Amino acid sequence: MTNPLAVKLPGLNLKNPVIPASGCFGFGQEYAQYFDLNRLGSIMIKATTPKARFGNETPRIAETPSGMLNAIGLQNPGLEAVMTKQLPYLAEHYPELPIIANVAGSCEEDYVTVCREISQAPNVKAIELNISCPNVKHGGIAFGTDPVVAASLTAAVKKVSRVPIYVKLSPNVTDIVPIAQAIEQAGADGLTMINTLLGMRIDLKTRRPILANQTGGLSGPAIKPVAIRLIHQVAGVTNLPIIGMGGIMNADDVLEMYMAGASAVAVGTANFIDPYACPKIIDALPSRMEELGIQSLEQLIKEVREARQG
């Protein structure tokens, strides 16, 4: 019997489409205390940079209506620790679970260095190129707002990576289409979208921004309509598969992402609200699909594409 939730993407054979988003699941060890990570389609591990990063000053989290702001600043233990500790842990305990490594940097050389090394890890099946983080002063979003720069970086990492490259798009641009098209022409294997929206909150008592970084990335249900619109827009101009993210809380949100043009999904902020969010969504999908007359996710992808072309 075929699995209605199974999806095949470049480098990724997923038993279901639900993937914890990078930065919202660490390296999986904390959540492994709550459920078997083998239930997941994949894991997007926390961003990795060449050297360890402490991240931004605190406070760097603020709640908002229907969401949250974060300005973590890509805190991570660095490439060596990820290669010698984090990835081997996942390989030992979850050998069949495909890992998507999120890669960040301050310059093109940083990205090339990390992609070359991390793509050699046996359980890393794809790389998510983080060119859209709004919370770092050097690198991050600077690479994701210019089509020429984004294409150059994509081409550079494609030359050294042993696994497919998915590029993470920023919503903090005037027009996302030329950036997506430039990345596709540069040889990317897929896209992930969207990253967080730049936002701010102010403390009425101090009259100053709540975040030490002043601004942060807005995530959660508040940004889902923006994510749906941008995924739909990009899916209409590119043939690349899209891993959709931005405010997913339940099975209906997943299917809405698919109907916009996504081929898999990443769940972020929901993990902070409920550590069982991902397995709950996976469990709920089959019955909801049956109610809506959806035979399989692969069939839904095909129907959405055919409807666009028609």
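None of these values were measured; they are calculated from a predicted model.
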Locate the shortest heavy-atom distance separating [X] from [Y]; write the atom from each residue and the value.
| X | Y | answer |
| --- | --- | --- |
| Pro17 | Leu297 | CG-CD1, 3.4 Å |
| Asn130 | Tyr111 | O-OH, 2.7 Å |
| Lys15 | Leu40 | NZ-O, 3.2 Å |
| Cys278 | Asn271 | SG-OD1, 3.5 Å |
| Thr196 | Asn172 | O-ND2, 3.1 Å |
| Phe27 | Gln86 | CB-OE1, 3.5 Å |

With the side chain counted from C-beta on, respond yes when [X] and [Y] share a heavy-atom pair under 4.5 Å apart, and no when they do not.
| X | Y | answer |
| --- | --- | --- |
| Ile43 | Tyr31 | no |
| Thr238 | Ile183 | no |
| Asp283 | Arg39 | yes |
| Ile127 | Val157 | no |
| Ile165 | Val167 | yes |
| Tyr94 | Asp36 | yes |

Rounded to the nearest 0.5 Å, what separation is found between the NZ atom of Lys168 and the CE atom of Met193?
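Lys168 atom NZ to Met193 atom CE measures 12.0 Å (nearest 0.5 Å).
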Return yes when atom [atom1] of [X] has more than 12 non-hydrogen atoms of other residues, nucleotides or ligands closer than 6.0 Å, and no otherwise.
| X | atom1 | value |
| --- | --- | --- |
| Glu303 | CD | yes |
| Glu80 | CD | no |
| Arg162 | CZ | no |
| Gln295 | CD | no |
| Gln299 | CD | yes |
| Glu30 | CD | yes |

Taking only Lys NZ, Arg NE, NH1 and NH2, and the carboxylate oxygens of Asp or Glu, determine whether Lys158 and Asp189 approach each other closer than 4.0 Å.
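A salt bridge links Lys158 with Asp189.
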So, [X] side chain and [Y] main chain: donor-acceptor pair closer than 3.5 Å or not?
| X | Y | answer |
| --- | --- | --- |
| Asn76 | Leu74 | yes |
| Arg308 | His232 | yes |
| Arg53 | Gly73 | yes |

